[in-house]
Amino acid sequence: MIFLELVLQNFGPYSGKQTINLRPTVSDRPRPIILFGGMNGGGKTTLLDAIRLALYGHRAQCSTRGNLTYGDFLSQCVNRNTPPTEKTRIELAFEHIQDDQIVEYRIVRTWEKNPKDGKDSLGILDGEWPDSYLANAWDEYIENLLPLGISNLFLFDGEQVKELAELETPPPLVVDAIQSLLGLELAERLAADLDILVTRKKKQLTKTKEVANLEEIEQKLHQQKTDLEVATEKLADLEKQLKRATEKQKKAMRKFVSEGGKIAGERSQLEQEFKDIELDMDNARQEMVELAGGALPLALISPLLEQASSQSDLEILRHEAEIALDAFQERDKRLLDYLNNLSIPTDKVSKIEEFLNQENLTLKEDINQGNEPWLFAHEEALTLLENLLCYEIENSLKNAQERLTHLKDLEVEMDILEKQLAIAASPEAYEILATALQEAQTELARVQVACENSKRDRKKLDDAINETKKELFNYTDETMERHNIQHIIESSAKVKQTLQLFKDKLTLKKLNKLEIEVTECFRYLLHKSDLVHSVAIDTHNFSLSLYDNQGQLLPKHRISAGEKQLLAISFLWGLARVSGRRLPVAIDTPLGRLDSSHRQNLVERYFPAASHQVILLSTDTEVGKSEVENLRNLEAIQYEYLLKYDSQNNQTNVKKGYFW
C-alpha cells in the first residue's frame, strides 16, 4: 500500500485547497521518506489526523477528538475562515496490489460546518469513476488493507512513543494492536461468545414450563382432526357449488352474446356510428358534385383536347416559319443593295440573287406543304389547355377515384352496422338477458367468497393440528431438552479452559517471533550494541524486559531516556515487521529526547528502512540541519515540505522545501 496524494480543503489550519504529493520512489533507488517540517502548532499532527480520518471516518482515533461526537468533531475541524458556500474536504489517494494488479483508489470525505445527521459524505473513486458499492462497504474493505486495530503500529506520534517508553506496560491502544496482530482477540471473542451462550441457555432453562397433560393434548388433537374432516366436507360441497355456478355464468354469458344482448347494450353507440357514416357519405357525394363542376367532365374529351394541342403546336411552327421568311427576304434585299454599291460585277450579283431567291422559294414551299391553319388559338388559351391536359384533368380523375373508393368503404361499414342493428335484441329482451347474466355472476361471486373462507378455515385447522403435534412431540423431548441445556452450560466452562490454553500457547509462539524482531531492531538502533543481548515480552501484559550478555536482567532505570525511546520505537518497528503487511509508516515528532548519537542511528538506520514509504513530521529541533543533510546524502528523501504558519490569518500553507 502506498499513499499517493493528500488533498486538504478548509481542514483545521489549512485554508483553501492544498494538494500534497506523497508518492515515494520505490524502484531502482528507493527514496521512501516524505519529510514535513513545521513548528509546534503549525499543523503537523493535523496531517496525521487527516490521514486517519480519511481512512476510518467516525472510527478514526484522532488526536483532538477526545469525547466529542463525530458530528461535533467534524464541525471543530472546519477552518474558521471557510466561506459559508464552501465545504471542508479531505482526499487521500493510494494504491495497492489486488489480484496481482496495481489498483488506485481515492477516498473523498466532505462536510459542512454543521454536518447533516452528524456525518460526512464519503465517496470512493476507482481511478476516475465513483464506486458506490465500495463506498457503502468501505469500513469492511479498509479492515482488510490496514485494520484499525493495528493502525497505531504504522501511524504513530512522538507522544505515543514517549508514553510507551515511560510506562512499564504498553498503553491500551498498543495492547489492542498487539492482540489484533497476534490473533489473540479471536480467542477472547470466542470466550465472550461462550459467556453469552451460557447466559442465554440459563435464561432458557429457567423459563421452561411444564407442558400440559399428555391426555389433554391428545384429546385436543382428536377434536381438531374431527373439525378438519367437517371443514373438508364443507369445502368439497362448496367446490361443487362453485363448479355449477361457473357453468351457469358461462351459459348466461353465451346466451347474452348469441341473442344480441351485448349488441343491444351497445345499440346507442352503433346508432351514433351509423349517423356518422351517413354524414360522411353525404360529404363524399358533395365532394363528387364539386369535382363534376370542375375540370373532371373534360376528361371525356381528352383525345380532342390533345388533338387541339397538337394542331396549335403545328400552327405556331407555321407562323414562326412565315415570320422567318419575311425576315430573310428583307435581309436579302439589303444584302443585294450593298453588293451593288461595292462595284461587284453584275453577273456575280445576279448569281447571288438567284441563289437567295431559290433558298426563299424552298422555304416557302416547305411552309405551303402543311395544312392550312384553322384553329387560330391565342397564347392564353393554349396555356389553359396545357394546364388542363397536364394537371387539372389528371388530379380531378385521381381525386374522383379516391372519393369513389372512400364512398364504397363507407357503404360496406353501413351494411355491417345495419346487420348488427338488425340482430340486436329489443330493449325488453335485453333487460331479461342482462338480469339473468347479473344473477349468475352474483351467485358465482358469492360461492367464490364462501369457498375462499372455507379454505382459510381449513388452513387454520391444519396449522393448529401441526402445532398440537409439535406440542405433543415436545412433550416427549422436554426432559432431553433440559439435559442438553445443562450439558451445554457444563461444557462451556471446559471449552473456556481449552481456549485459555490455546491463547497461552498461541501467545507464547507469536511472542517468541516478536521478541527476536524487537531485539534485532533495538540492537540495530543502539550505538552501544553490547548493552542489551535480548528483549523478553511478558505474555500477560506485554511489558518488555531487557537482558545483558550474561543473561542477567537489565533494569530499565539503567538505560537512558533516549535509549528507552529507541526501545519503544524498536517495539513498534518489530510489531510492524511481524505483521507481514507492506504498509506506509507515518511518524509525528520522532526524535523527541534523543541525543546526537541516537539521533544519527535513528536517521541512518530506522527512517530509510522502516517501510517502503515513511512520512516524517518534524520540528526544526528534531530533524535538524545535520540530520536532514545526512538523509539527503543517503538519497532517502523523495519530497520535502514546510508547513508555514501565518499567525495573522491563523492558517498554515504547505510550501516545498525544508527549514534548511
Side-chain angles (χ1 to χ4, degrees), residues 32 149-150 152-156 158 160-171 173-184 503-583 585 587 590-612 614:
I150 67 171
N152 289 309
L153 305 180
F154 298 91
L155 310 174
F156 59 89
Q160 181 179 341
V161 175
K162 177 182 177 182
E163 183 180 10
L164 184 59
E166 294 176 349
L167 295 176
E168 289 297 325
T169 59
L173 287 177
V174 177
V175 171
D176 292 342
I178 296 172
Q179 291 180 336
S180 176
L181 178 64
L182 301 182
L184 305 181
K503 178 184 176 183
D504 293 341
K505 291 186 176 181
L506 178 64
T507 302
L508 185 61
K509 179 180 179 181
K510 292 291 184 74
L511 288 184
N512 284 338
K513 183 177 181 181
L514 182 59
E515 287 173 346
I516 295 173
E517 293 290 344
V518 174
T519 300
E520 181 180 338
C521 292
F522 189 39
R523 288 171 59 83
Y524 182 67
L525 295 180
L526 280 174
H527 66 278
K528 297 182 292 184
S529 59
D530 59 345
L531 176 65
V532 175
H533 178 265
S534 63
V535 178
I537 303 175
D538 189 272
T539 57
H540 299 290
N541 57 17
F542 305 109
S543 61
L544 303 180
S545 300
L546 307 179
Y547 292 89
D548 58 18
N549 292 329
Q550 285 72 40
Q552 298 297 319
L553 180 66
L554 181 64
K556 284 190 178 180
H557 66 269
R558 289 183 54 188
I559 63 176
S560 66
E563 290 169 340
K564 289 180 181 178
Q565 188 167 352
L566 286 183
L567 177 61
I569 292 176
S570 300
F571 188 35
L572 295 176
W573 192 9
L575 283 168
R577 290 170 64 173
V578 170
S579 73
R581 297 173 181 263
R582 287 182 55 80
L583 296 170
V585 171
I587 311 172
L591 303 178
R593 297 176 296 173
L594 298 179
D595 56 28
S596 59
S597 61
H598 290 147
R599 287 191 179 204
Q600 182 177 355
N601 283 0
L602 202 65
V603 168
E604 293 180 355
R605 300 182 179 185
Y606 176 58
F607 291 159
S611 176
H612 60 281
V614 180

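Quick note: numbers below take in every heavy atom, side chains included, and nothing from hydrogens, waters or symmetry partners.
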Distance in Å, Y524 OH paired with L566 CG, rounded so as to fall on 0.5 Å steps: 13.0 Å
Which atom of S543 lies closest to which atom of T169, heavy atoms considered: CB-CG2, 3.9 Å
Report the distance from atom OG of S611 to atom CZ of R577, rounding to the nearest 0.5 Å. 12.0 Å
Calculate, to the nearest 0.5 Å, the distance between atoms CD1 and CG belonging to I559 and L526 respectively. 8.0 Å
Quick one: pull up CG in L525 and CD in E520 and give me the separation to the nearest 0.5 Å. 10.5 Å
Using the side chain to side chain contact (heavy atoms under 4.5 Å, CB included) definition, which of the options V535, L511, V578 pairs with V518? V535
Any side-chain heavy atom of V532 within less than 4.5 Å of one from T519? no
Heavy-atom closest pair (D548 atom, H533 atom, distance to 0.1 Å) is O-CB, 3.2 Å
Please report the interatomic distance CG(N601) to OH(Y606), rounded to the nearest 0.5 Å. 14.0 Å
What residues form a side-chain contact (heavy atoms from CB on, under 4.5 Å) with A609, not counting sequence neighbours? W573
Closest non-hydrogen atom pair between V614 and A610, with its separation: CG2-CB, 4.0 Å
For P32 and P608, which heavy atoms make the closest approach, and how far apart are they? CG-O, 3.6 Å
Quick one, L567 with L546, criterion side-chain contact (heavy atoms from CB on, under 4.5 Å). Give me CA distance, side-chain angles, the key distance, then yes/no. CA-CA 10 Å; L567 177 61; L546 307 179; 4.0 Å; yes
Results of ring-ring contact (aromatic ring centres under 6.0 Å, His included) for F154 - residues two or more places apart only: none
What's the separation between atom CD1 in I537 and atom CD in E517, rounded to the nearest 0.5 Å? 10.5 Å
Using a 4.5 Å cut-off on heavy atoms from C-beta on, say whether the side chain of L554 contacts that of Y547. no
Please identify each residue that fulfils side-chain hydrogen bond (donor to acceptor under 3.5 Å, both in side chains) with E604, with sequence neighbours left out. Q600, N630
